[in-house]
Amino acid sequence: MADLTVDLGFRTLKNPVITASGTFGYGEEFLPFFDLDILGAIIMKGIFREPRPGNPPPRLVETPAGVLNSIGLAGPGSEKLQEIIRRLHTRTNTPIIVNVCGEDDREFAEVAAVFSAMDEVAMLELNISCPNIKKGGACPAQDADHTARLVRQVKKVVGKPLIVKLSPNTADIVEVAQAAQDAGADALSLVNTFLGLAVDLEKRKPVFANVYAGLSGPAVKPLALRLVREVCRRSYVPVIGMGGISSGRDVLDYILVGAAAVQIGTVNFYEPGAAVRIIGEIETEMDKLQIKNLSEIRGKLQT
Amino acid sequence: MADLTVDLGFRTLKNPVITASGTFGYGEEFLPFFDLDILGAIIMKGIFREPRPGNPPPRLVETPAGVLNSIGLAGPGSEKLQEIIRRLHTRTNTPIIVNVCGEDDREFAEVAAVFSAMDEVAMLELNISCPNIKKGGACPAQDADHTARLVRQVKKVVGKPLIVKLSPNTADIVEVAQAAQDAGADALSLVNTFLGLAVDLEKRKPVFANVYAGLSGPAVKPLALRLVREVCRRSYVPVIGMGGISSGRDVLDYILVGAAAVQIGTVNFYEPGAAVRIIGEIETEMDKLQIKNLSEIRGKLQT
Amino acid sequence: MQDERGLIEEAHSLGGDYFLLKIAAPRIAATAKPGNFVMVRVSPSRDPLLRRPLGLLESRPPYIWLYYQVLGHGTKLLSGLRPGDGLDILGPLGNTFPELPGKRVLLVAGGRGIVPLFHYARAYGEHRPLLLLYGGRRRADLPLLERIKTLCLQGLFIFSEDGSLGQMGLLTDGLEKIVREERVDATMSCGPEAMLARVALLLKSRGLENRASLEALMGCGFGACHSCVVLAADGSYRKVCDEGPVFPLEEIQWRT
Amino acid sequence: MQDERGLIEEAHSLGGDYFLLKIAAPRIAATAKPGNFVMVRVSPSRDPLLRRPLGLLESRPPYIWLYYQVLGHGTKLLSGLRPGDGLDILGPLGNTFPELPGKRVLLVAGGRGIVPLFHYARAYGEHRPLLLLYGGRRRADLPLLERIKTLCLQGLFIFSEDGSLGQMGLLTDGLEKIVREERVDATMSCGPEAMLARVALLLKSRGLENRASLEALMGCGFGACHSCVVLAADGSYRKVCDEGPVFPLEEIQWRT
Ligand SMILES: Cc1cc2nc3c(=O)[nH]c(=O)nc-3n(C[C@H](O)[C@H](O)[C@H](O)COP(=O)(O)OP(=O)(O)OC[C@H]3O[C@@H](n4cnc5c(N)ncnc54)[C@H](O)[C@@H]3O)c2cc1C
Ligand SMILES: Cc1cc2nc3c(=O)[nH]c(=O)nc-3n(C[C@H](O)[C@H](O)[C@H](O)COP(=O)(O)OP(=O)(O)OC[C@H]3O[C@@H](n4cnc5c(N)ncnc54)[C@H](O)[C@@H]3O)c2cc1C
Ligand SMILES: Cc1cc2nc3c(=O)[nH]c(=O)nc-3n(C[C@H](O)[C@H](O)[C@H](O)COP(=O)(O)O)c2cc1C
Ligand SMILES: Cc1cc2nc3c(=O)[nH]c(=O)nc-3n(C[C@H](O)[C@H](O)[C@H](O)COP(=O)(O)O)c2cc1C
Ligand code: FES
Ligand code: FES
């Protein structure tokens with residue numbers, strides 16, 4: 001039987017499948033569909049210090065094999081999220097990861113510190129790559145210096161492993177990845193959504209109030225896989241790959257280019273039981289490929 | 001009845017639909033399907049001075065709502081293409097555009113000069129953005145300085161309008177666009193394909209010999225539309241938009257963000273009569289939206 | 001809430017853009033209540049990627065009935081399915097219309113908005129007084145009329161904009177009179193946003209208990225994506241899929 | 001060459017992964033010749049995006065017959081179609097097997113490679129001597145046998161790797177003997193690449209006229225994308241879709 005465990009160095013996961021921030025609600029929404037214990041880890045929807053209403057609708061539209069979203073990080077604020085996490089923790093032993101957001105560097109550090117202090121939280125993921133906060137899609141992960149500064153600041157105030165989530169919307173993602181790990185990131189996750197545009201011909205306006213929105217889903221997989229490979233080649237911390245995963249083979253593709261684990265996002269929306277299917281498919285594929293352990297293929301892409 | 005003509009300044013086209021380089025063969029392949037006279041213009045598959053075998057197979061694989069290609073600019077060389085163009089010109093009055101390639105700046109200029117001298121050629125499109133020539137996908141359009149230098153050099157030796165085709169795989173496409181137009185480009189076209197990766201799990205190798213390949217098709221439309229909008233906002237020469245167009249509404253989306261005309265690519269493969277349908281749909285949609293002339297909506301996106 | 005593989009038993013074209021499906025989906029049928037909806041994967045392929053939200057016209061285990069209008073790509077593909085085809089259906093989703101035993105309830109249905117109200121009438125009509133006000137643009141937009149006549153209703157009022165069926169005009173033209181003359185205690189509405197806004201305006205401060213079922217673009221249908229929001233009267237957003245789709249009419253900020 | 005809307009008349013599952021479609025496609029049927037193929041849009045949606053190449057098992061206006069094996073996403077979706085469904089079909093595409101009147105021709109078919117050779121036998125078998133060597137892994141991979149018995153053949157040789165039908169072994173095990181004993185003038189082959197490579201090796205320098213129909217991943221099927229190339233013996237690339245799919249066996253660089 002295939003062994004699906006993943007060693008991140010600072011933590012072992014029972015399998016490489018982590019549910020991506022913003023696509024798995026606060027975990028509870030999926031309790032009707034499957035036992036959350038089967039997951040490698042669960043990442044909470046992004047959180048700021050204060051409650052946020054999020055962007056006006058429409059917030060999500062379909063594109064060919066993908067979705068554009070501009071949710072705008074609607075959320076209950078960090079105090080309420082602590083309650084939610086405590087409740088979720090009573091329902092599952094799967095590691096819970098908090099996706100930390102901030103309007104400025106100080107807020108990132110504050111929010112990170114709050115959740116770092118919670119026993120129920122296994123790790124933090126620093127969301128420096130959300131394209132839906134500022135108009136035009138600007139975010140800290142577009143700039144290596146800003147990223148380094150922010151990561152250093154957050155590292156000072158947290159005791160938990162820190163994953164830094166990178167943006168594909170930057171001149172050189174490898175440079176930003178370097179900056180993040182040199183500044184102390186314990187792991188990198190990539191990619192967040194790709195900046196895209198949809199327009200409303202009738203109204204002659206962008207579909208989204210924020211003009212641009214973030215593209216995710218199967219459509220982006222070839223692009224994301226390439227970026228993950230680029231970052232894996234130069235990183236000395238574990239890389240968590242994502243973008244368009246919808247099958248066990250997709251997961252193994254990411255492992256093959258060097259990812260330690262993966263996140264699954266958009267697929268959770270159209271197939272709420274996707275995680276169960278995908279974990280099953282990883283096992284089947286590993287058996288078929290006669291791979292006993294994921295480390296046998298991790299980063300083994302021959303070029 | 002809607003007026004579909006497009007004024008590029010240096011030339012008027014009967015409608016905004018141009019068939020994209022590499023996706024319409026040498027025109028002849030589509031003669032069984034429709035009268036080429038209905039097209040706005042036809043762009044030839046990219047051409048180098050000498051015949052090129054192209055990359056080893058596989059050269060094209062399907063992805064969700066897209067294709068990854070690494071054709072590697074297989075082609076008969078510029079002498080043979082001249083014959084083909086003369087033959088095609090006897091079959092259609094639609095303007096013929098040559099997609100000029102080169103291994104180095106000098107070859108670009110040489111090839112451009114050859115086709116600029118042909119009466120049957122209406123314009124040139126400088127393909128400085130093909131990701132399938134060098135390993136890793138490098139191309140001149142990734143660098144503003146190189147682009148400027150190359151465009152200036154080519155402009156010196158050609159008498160025909162010069163369209164410069166930009167790459168989405170660059171740090172700042174707006175900067176490259178500026179460089180191209182400042183160096184004398186008469187129009188810009190964008191985007192070429194997005195760098196992506198596909199892997200073969202069984203062989204533990206990239207699917208393509210060249211490792212990376214170029215993504216096109218409906219999957220990329222939201223990304224391309226955003227880039228076209230960015231470039232249109234800052235350009236004083238006409239912009240020809242493309243990426244994932246498969247319907248009349250897609251065409252109007254590009255016009256709305258500021259494109260003067262569009263190119264249709266991948267759709268020609270899976271629906272050889274697509275151009276006819278799309279041109280028909282533009283008319284229908286314009287009537288429905290009560291637009292008499294494309295200039296009524298060109299660049300009229302309100303933000 | 002189940003992700004169930006339904007089996008199409010009957011597929012009817014009702015003329016125009018309207019279609020009716022009878023589907024064996026025993027687990028969903030077992031628990032669905034009036035107001036609930038489902039998310040349907042309209043094609044065995046992954047285009048379109050997202051499921052489509054559809055109300056339940058009726059639910060009688062092991063069957064559910066869907067009634068839909070072809071609007072775009074997804075509903076078009078759905079209309080190509082035939083008896084014997086399978087269909088992935090997620091549900092029942094969302095909240096429900098309250099039963100309000102003993103009350104005189106007026107159902108207000110615009111076009112395909114008939115769906116959850118038909119379900120309501122089928123489920124509760126035998127036990128107490130229900131009235132239905134049903135309107136559409138033309139006769140062809142009201143193809144369910146024959147089936148509606150099988151419901152237990154104390155009153156049926158039909159409007160069409162072109163007068164081709166029932167009274168000529170918008171259904172909202174008849175609303176006030178009916179509410180007054182029929183001594184209505186509560187209303188349940190479903191239909192286009194403009195209609196609901198008008199209903200809200202007409203029923204304001206009449207002391208009735210008013211509910212409306214809303215539509216929104218939905219990414220997931222079960223509360224995970226936060227895309228389906230509607231602006232509430234208090235300025236906050238509500239998720240239509242799990243805080244709704246049924247809301248007190250007064251709780252929504254209607255655009256007029 | 002037409003982009004024709006075909007209408008499925010019959011859809012048969014032949015057991016295992018094999019399916020047969022009878023399609024009304026009068027314009028394609030009118031001109032298709034043995035060796036030609038078609039590009040089929042397997043789903044009314046845009047997933048998969050590209051059409052799939054399939055050979056013609058038979059073509060008798062107004063019908064064409066497709067015989068296919070479910071391998072992946074596209075053929076799986078195709079197998080869900082039923083009589084009455086429409087199907088976009090582009091064809092006839094590619095070149096053809098030469099008729100070679102008067103010659104004794106051996107058809108060599110591996111698995112689903114039977115398709116263009118069945119067409120050949122149906123079209124030309126009545127006029128002159130044809131022999132068929134047909135092999136597959138197991139009995140279940142040779143589900144066309146009953147239909148093959150309706151062809152005009154002077155000889156039929158069946159092989160299966162597990163011996164469950166005909167002789168046990170690879171069809172290439174029997175090739176040399178048949179060629180010798182049956183005084184064959186020419187061969188036409190279609191099947192997996194490894195089989196074709198072996199056929200090429202076995203027939204080398206025997207002075208026969210040998211053709212093979214090849215498969216390749218295809219973007220368009222009509223020469224526009226340059227994706228379907230195969231390496232020729234002279235080191236250049238050939239486009240399988242319009243320079244083929246039928247090539248002189250010796251013209252291809254077989255990997256062995
Ligand atoms: C809770 C709920 C219950 C519904 N019940 C029914 C029902 O019983 N019968 C029925 O016919 N329709 C119902 N709808 C509407 C139905 O979901 C849409 O008509 C359908 O999703 C359109 O899909 P499409 O792919 O055909 O159209 P698309 O190509 O996606 O879009 C076509 C047009 O429809 C609009 N549209 C798309 N999705 C929705 C949506 N979710 N809500 C409203 N408008 C949309 C688009 O903005 C566009 O203008 C319901 C919607 C909701 C939210
Ligand atoms: C000229 C020609 C004629 C053909 N005739 C027939 C026929 O009559 N009957 C039949 O069953 N099949 C035929 N094939 C093969 C058929 O096209 C493929 O089996 C089919 O495209 C697979 O599609 P899929 O979506 O099911 O598989 P995918 O999910 O696309 O792939 C599944 C597997 O099949 C392989 N594959 C995909 N496309 C092709 C292809 N074009 N050629 C070879 N392998 C491929 C893939 O590499 C993969 O290993 C023919 C191919 C060609 C080129
Ligand atoms: C609706 C939606 C909301 C998202 N919200 C967040 C978020 O709060 N924080 C974050 O880091 N990423 C967020 N993302 C990005 C995803 O976590 C993930 O990076 C992206 O969707 C790519 O993966 P996928 O293609 O599997 O969906 C969101 C994505 C979607 C579609
Ligand atoms: C198979 C293939 C070959 C291509 N060859 C060329 C080429 O020779 N020159 C060029 O400038 N662009 C080439 N392109 C890029 C297209 O012209 C176009 O920029 C791209 O496909 C995006 O448009 P689309 O999404 O409509 O296909 C090629 C694209 C494909 C898919
Ligand atoms: S549709 Fe996803 S939260 Fe409502
Ligand atoms: S498949 Fe496109 S050229 Fe052969």
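Reminder, nothing fancy here: chain letters follow the sequence lines and each chain counts from 1.
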Smallest heavy-atom separation, A:Leu73 atom then A:Gly46 atom, equals CD2-CA, 3.9 Å
Are the side chains of A:Leu190 and A:Pro168 in contact, using a 4.5 Å heavy-atom criterion? no
Return yes when atom NZ of A:Lys292 has more than 12 non-hydrogen atoms of other residues, nucleotides or ligands closer than 6.0 Å, and no otherwise. no
For A:Tyr212, is it the side chain, the backbone, both or neither that has a heavy atom under 4.5 Å from a heavy atom of chain B? side chain
Under 4.5 Å heavy-atom distance to chain B, tell me which part of A:Val257 shows up: side chain, backbone, both or neither. side chain
About how many Å separate CG of A:Asn210 and CG of A:Asn69, when rounded to the nearest 0.5 Å? 10.5 Å
Using heavy-atom distances under 4.5 Å, tell me whether A:Leu252 contacts chain B through its side chain, its backbone, both, or neither. both
Relative to chain B, which segment of A:Leu215 carries a heavy atom at a distance below 4.5 Å: side chain, backbone, both, or neither? side chain
Cut-off 4.5 Å, heavy atoms of chain B, and the answer for A:Asp172 is neither
Chain B contact via A:Leu256 - side chain, backbone, both or neither, heavy atoms under 4.5 Å: side chain
When A:Ala219, A:Gly244, A:Gly217 are compared by non-hydrogen pairs under 4.5 Å with chain B, the top option: A:Ala219
Mind ranking B:Ala171, B:Pro222, B:Ala224 by heavy-atom pairs under 4.5 Å with chain A and telling me who comes out on top? B:Pro222
Heavy-atom contact with chain B under 4.5 Å, split by part of A:Lys203: backbone
Among B:Asp253, B:Leu195, B:Ile255, who wins on heavy-atom pairs under 4.5 Å with chain A? B:Leu195
If you count heavy-atom pairs within less than 4.5 Å of chain A, which of B:Val220, B:Val199, B:Asp200 leads? B:Val199
CD (B:Glu62) and OG1 (B:Thr266) are apart, to the nearest 0.5 Å, by 11.5 Å
Does a side-chain heavy-atom distance below 4.5 Å link B:Asn132 with B:Ile71? no
Scan B:Lys221, B:Glu230, B:Arg229 and name whichever one has a side-chain contact (heavy atoms from CB on, under 4.5 Å) with A:Leu197. B:Arg229
Contacting region of A:Ile291 [heavy-atom separation from chain B under 4.5 Å]: side chain
Between A:Leu227, A:Thr170, A:Leu201, A:Thr63, the one whose heavy-atom pairs under 4.5 Å with chain B are most numerous: A:Leu201
Side chain / backbone / both / neither for B:Leu68 at chain A, heavy atoms under 4.5 Å: side chain
Quick check on the interface: out of A:Arg249, A:Lys205, A:Lys288, A:Glu285, who has the most heavy-atom pairs with chain B under 4.5 Å? A:Arg249
Flag side-chain contact, heavy atom, 4.5 Å: B:Ile297 against B:Leu289: no
Any donor-acceptor N/O pair, B:Gln142 side chain to B:Asn169 backbone, under 3.5 Å: yes
What distance do B:Cys232 atom SG and B:Arg298 atom CZ have between them, rounded to the nearest 0.5 Å? 9.5 Å
